[in-house]
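Nothing here was measured: the structure is a model prediction, and the numbers come from that model. Throughout, protein chains are lettered first and strands after them, A, B, ... in sequence-line order, and every chain is numbered starting at 1.
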Amino acid sequence: MADLLQVRDLTTHFFTRDGEVGAVDGVSYSVAAGETIALVGESGCGKTVSALSIVRLIPEPPGRILSGKVLFDGADLLQLPADEMRLVRGGKIAMIFQEPMTSLNPVLTVGRQITEALELHQHMNRQDAFRETVRLLKLVGIPNADQRARSYPHHLSGGMRQRVMIAMAISCKPKLIIADEPTTALDVTIQAQLLELMRSIARDLGTATILITHNLGVVARYARRVYVMYAGKIVEHGPALAVYHDPRHPYTVGLLASVPRLDEPRKTRLAPIEGQPPDLVSLPRGCAFQARCSFYSGGCEGQALDLLEVSPGHYSVCWQGRKGREEWAKT
Amino acid sequence: MGEDVVVRVAGLAMHFPITSGLFLQRKIGLVKAVDGVSFAVRKGETLGLVGESGCGKTTVGKCVLQLYRPTSGSVFFEGQDLCRMSEGQLRQVRPRMQLIFQDPGESLDPRFTAADIVGEPMWIQGKAQGPAYRERIAELLSIVGLAPYMADRYPHEFSGGQRQRLGVARALALEPTFIVCDEPVSALDVSIQAQIINLLDDLQQKYGIAYLFIAHDLSVVRHLSDRVAVMYLGKIAEIAGRDALYQEPLHPYTQALLSAVPIPDPAVEAKRVPIILKGEVPSPINPPSGCVFHPRCPKAFGPCPTVVPVLADVSQDHQVSCLLYPPSWPPSAPP
Amino acid sequence: MTEAAAPAPVATVTRPRHTLWGDAWTRLRRNRLAIAGGSVIIVVALAAIFSPLITPYGFADQDLNSIMLGPTLAHPLGTDELGRDVLARLLYGARTSLAVGVFTQIIVVLIGLPLGAIAGAVGGRLDNMLMRFVDVMYAFPDILLIILLRAVFGGSIFMIFLAIGLVAWVNIARLTRGQVMSLKGRDFITAARVMGGSQRYVMLRHLVPNSLGPIIVVLTFNVPRAIFAEAALSYIGIGVRPPTPSWGAMIRDGYDLIFANSNLVLFPALSVGVLMLAFTFLGDGLRDALDPRLRR
């Protein structure tokens, strides 16, 4: 399958007073046309920064993309001149953020914000753009779409605003949508509505999606392939089923064990990952997870952090990853 | 309900006026954030309070602690009605009922050190003297899993999980019998959430503290609670023992909530068909008539838009407020 | 393997430690203009305090044999029409200016901070009443009020402090109220109430200390305004009484003789300008340094 997007060895650092923060450190991933992948990890693991680096929205300074390639549709986005990059952003690649209020202009009607994009990217005239906007708002399930198009962002609820963001994202028929925690600020019933909507839209329009989230349940419902990030690196990736049922990195094992599940009998005690995420300014030698790892063994400091194929299409950076958790537990 | 009840809330209502005008403020409406809520929390147990944003669960927590003075109803704490107490009298009771906040960064004064934060309840209550005070701080820090050398650090030097531990230590300082936990883990990362949940669990076992655990995450609530109340638009929709509620939810809203929670397992998810509710939560300024849930309810039928259901026992320790169940019919309008 | 029951192991923080004030100081230190401004203020203050050591002349010593001199070795900045040493008068005048700057701000803080804090913390009707009073004070023309106060209470230098202070406190009151109101909704204030802290306790322990940053900035900006106000008062002849020197009075006196000896205007005017700029730069630096949004 031809990849729509290939990120290779992407490295983005932030230069702060406390030192150089390796927010994203040699990250590679790929998305096929029409495919949905998920980047999972906890705050500060670099999942958002890696996605913002793709579309070059890293604030500089303090951030800087130090190296890597982002091959999209045959071109390296990191080498594109700024004005061509602007056409890619919002045109071929659309973004949906956690808090729609920050990405909507409060003094423009929601309709105007969509027609503006249509006029810019699709060269439509005003009337056509408005008609298209109403059609899009209907498509994302906004009732009374032609009236809603004339209202301002603050008149809408959080769920409705996120629907507007989705309408805006799909307005230019993008090939890729980057959705950064799109449902985190919303309630579960609204989250369920929106995930259903995003799934049907991606299916109908053939759009590829990168879903960035910390919620393991959302990933399970939504994504086919999963990349797990920890401390700026991808520590494990593979088909969702394989990663969830046979995790080969102790961090993934820990994450899955630490969330209570509604479909299983209630445990008397949760099994958290002890300790705190590491300080990205001063990472330990070798594996960044070693201090919290319950399968730590003497060899962990000296290991190179390359992704090893542990089963077809399933990779882990843990040097003991071929063993799996049963064997880890024995040692 | 006998003497083992720590907190009993009866007919609690909190209505916020909406005013307009600069000088002569006129009331132009009422937000019925909480409207007739009753429940009890027993000694050493956890009552989970779940619902979506705007359902009034946080307001209930603040009313119980009298941070808002309720519009009507009573809150009995250890047998005394807090709603009839003056601020001065309340200050005497406050040490025994504490609060743990959602955002651990927001809830700590940025200019206080860890020792000051944990020790503050003791100064306020005039118990901060001598070496015993320093010892108590060190003890509290170690109870919540922080090292004593961290006592002189400021909140911004701690990670989110550690800040929440500080918040817990502060709540414990005065040896309360009851703690309101208002979304205590929702701002934390998954792996850290489990640490704090276990900590809260351990403390309850050790000190027999009762919790009112307010959260929107149903799986976390199931893990920690003995009984669970589900709120919708200022009212309790269903309240039951944990296993009864999660295994046999009766109210259509509870059923929809439970089915909307994604399960972290792709194989399970592939087979599930979540109940997708129509529309959004209506405004509490102008709530729907009859049963407040009827516009979104997949099982709504004839009387729902007109008859207001009452919260009533459907089985042993399982109360529901839904017209599908005959006990919920108000006496004036028989089914 | 007994790991699970033990309290969570805690990772040591390896970064250098910062307190909030320490952080602000680090940021301030990196702002060259602010440091330059601060240095100028310190130099002027030291010169004012130790002026008898710098110049042999008193501010009122007249030497009728050397009138209206240009700069000479004996009189580095020359002399005025009464034969008084300009440098000596500038140095002693600095005392007046700095005293005006500092004491007015003390009065401002003493009135504005408690009123603002109480209005913000208590709220309701009291807040409404206090703030309407502040509005009235705000709307009243400053210079007119000062002239009135001077006319009623006479002309000691303390009356100048009082007069300038009495018109300047409204800004601080408003600012403090705004700060307190925005802090009041924060969780750590609720936390203090839950512990049983009284309103007074919450105000003194949490609300006021956390409001100080912006207040300090505004006070720093207020100082040059007060200095200028004193200079303006002296210029129109209702400032300090002669022979006490003040930079404003020196400018006024020199103005009549500007064609005979322009130094008499130039030096005090330069001094006022430099000191005001110094406070403004320092205030700018403090604003950036104390802004919590810049924390990283």
Side-chain angles (χ1 to χ4, degrees), chain A residues 40-45 143 157-160 183 185-193 195-197 214-224 226 239-245 251 254-277 279 292, chain B residues 50-55 145 158-162 186-199 201-202 216-225 242-243 246-247 253 256-270 272-281 283 296:
Chain A
V40 204
E42 299 177 278
S43 46
C45 74
S157 68
M160 282 296 159
T183 59
L186 305 171
D187 286 314
V188 273
T189 60
I190 309 294
Q191 167 173 294
Q193 291 174 353
L195 287 178
E196 220 36 56
L197 171 69
H214 69 278
N215 187 325
L216 296 164
V218 169
V219 174
R221 184 171 287 184
Y222 197 69
R224 283 296 192 68
V226 182
L241 268 173
V243 172
Y244 276 75
H245 288 183
Y251 176 61
L255 267 188
L256 288 167
S258 62
V259 285
R261 284 174 61 157
L262 280 184
D263 62 327
E264 284 179 357
R266 180 177 165 275
K267 297 179 208 155
T268 43
R269 229 184 134 72
L270 294 179
I273 304 176
E274 297 295 353
Q276 312 291 333
D279 186 341
R292 304 174 74 189
Chain B
V50 287
E52 299 179 280
S53 44
C55 73
F158 291 93
S159 69
Q162 290 172 326
S186 58
L188 304 174
D189 275 320
V190 185
S191 69
I192 308 296
Q193 279 192 359
Q195 294 178 5
I196 300 295
I197 291 170
N198 280 351
L199 175 66
D201 206 8
D202 292 346
H216 68 274
D217 185 328
L218 287 125
S219 23
V220 167
V221 167
R222 181 178 81 146
H223 184 80
L224 267 177
S225 308
R242 175 225 312 144
D243 295 332
Y246 280 85
Q247 276 150 28
Y253 178 62
L257 266 186
L258 285 171
S259 96
V261 178
I263 302 229
D265 186 334
V268 175
E269 273 301 322
R272 278 173 99 218
V273 183
I275 304 170
I276 306 268
L277 288 179
K278 295 169 280 180
E280 311 212 331
V281 183
S283 149
R296 300 178 75 201

(request) Taking the side chain as every heavy atom from C-beta outward, state whether V188(A) and H216(B) have any atom pair closer than 4.5 Å. (result) no
(request) Applying salt bridge (Lys or Arg N to Asp or Glu O under 4.0 Å), name anything that partners E269(B), two or more places apart in sequence or on another chain. (result) R221(A), R272(B)
(message) Quick check on E52(B) against chain A: is it the side chain, the backbone, both or neither that has a heavy atom closer than 4.5 Å?
(response) both
(message) So for R292(A), is it side chain, backbone, both, or neither that comes closer than 4.5 Å to the heavy atoms of chain B?
(response) side chain
(request) Please flag which part of I275(B) lies under 4.5 Å from any non-hydrogen atom of chain A: side chain, backbone, both or neither. (result) neither
(request) Determine whether V259(A) and Q193(B) make a side-chain contact, defined as any pair of heavy atoms from C-beta on separated by less than 4.5 Å. (result) no
(message) Once rounded to the nearest 0.5 Å, what's the spacing between atom CD1 of I192(B) and atom CD1 of I273(A)?
(response) 8.0 Å
(request) Report the option among H214(A), R224(A), E264(A) that has the most heavy-atom pairs separated by less than 4.5 Å from atoms of chain B. (result) E264(A)
(request) Let me know if I263(B) has heavy atoms under 4.5 Å from chain A in its side chain, its backbone, both or neither. (result) both
(message) If you define the side chain from C-beta out and look only at heavy atoms, does anything of P260(A) sit under 4.5 Å from V220(B)?
(response) yes
(message) Please report the interatomic distance CG(L255(A)) to CG(D189(B)), rounded to the nearest 0.5 Å.
(response) 9.0 Å
(message) So for I197(B), is it side chain, backbone, both, or neither that comes closer than 4.5 Å to the heavy atoms of chain A?
(response) side chain
(request) Against chain A, work out which of L277(B), L257(B), D217(B) has the most heavy-atom pairs shorter than 4.5 Å and name it. (result) L277(B)
(message) With a 4.5 angstrom heavy-atom cut-off, is it the side chain or the backbone of P265(A) that approaches chain B, or both, or neither?
(response) backbone
(request) Measure across H223(B) and K267(A) and return the closest heavy-atom pair with its distance rounded to 0.1 Å. (result) CE1-O, 3.1 Å
(message) Minimum heavy-atom separation for A194(B) and P272(A), please, with both atom names.
(response) CB-CB, 3.4 Å
(request) Measure N198(B) against the heavy atoms of chain A and call it side chain, backbone, both or neither at under 4.5 Å. (result) both
(request) Sort V261(B) into side chain, backbone, both or neither according to what part of it lies under 4.5 angstrom from a heavy atom of chain A. (result) both
(message) Counting C-beta onward and ignoring hydrogens, is there a side-chain heavy-atom pair between V281(B) and S157(A) closer than 4.5 Å?
(response) no
(request) Select, from V226(A), L216(A), L262(A), the one with the greatest count of heavy-atom pairs under 4.5 Å involving chain B. (result) L262(A)
(message) So, using salt bridge (Lys or Arg N to Asp or Glu O under 4.0 Å) as the criterion, who are the partners of D265(B) when residues are at least two apart?
(response) R261(A)
(request) Report the distance from atom CZ of R269(A) to atom CG of D202(B), rounding to the nearest 0.5 Å. (result) 4.0 Å
(request) Without swapping roles, check the side chain of Q195(B) against the backbone of G275(A) for a donor-acceptor pair under 3.5 Å. (result) yes
(message) Below 4.5 Å, heavy-atom pairs only: which of A267(B), A260(B), S191(B) has the largest tally toward chain A?
(response) S191(B)
(request) Would you confirm whether Q193(A), through its side chain, and G279(B), through its main-chain N or O, come within 3.5 Å as a donor-acceptor pair? (result) yes
(request) Scan V243(A), L241(A), V219(A) and name whichever one has a side chain to side chain contact (heavy atoms under 4.5 Å, CB included) with P266(B). (result) L241(A)
(request) Could you have a look at R242(B), R296(B), E280(B), R222(B) and say which one has the most heavy-atom pairs with chain A under 4.5 angstrom? (result) R222(B)
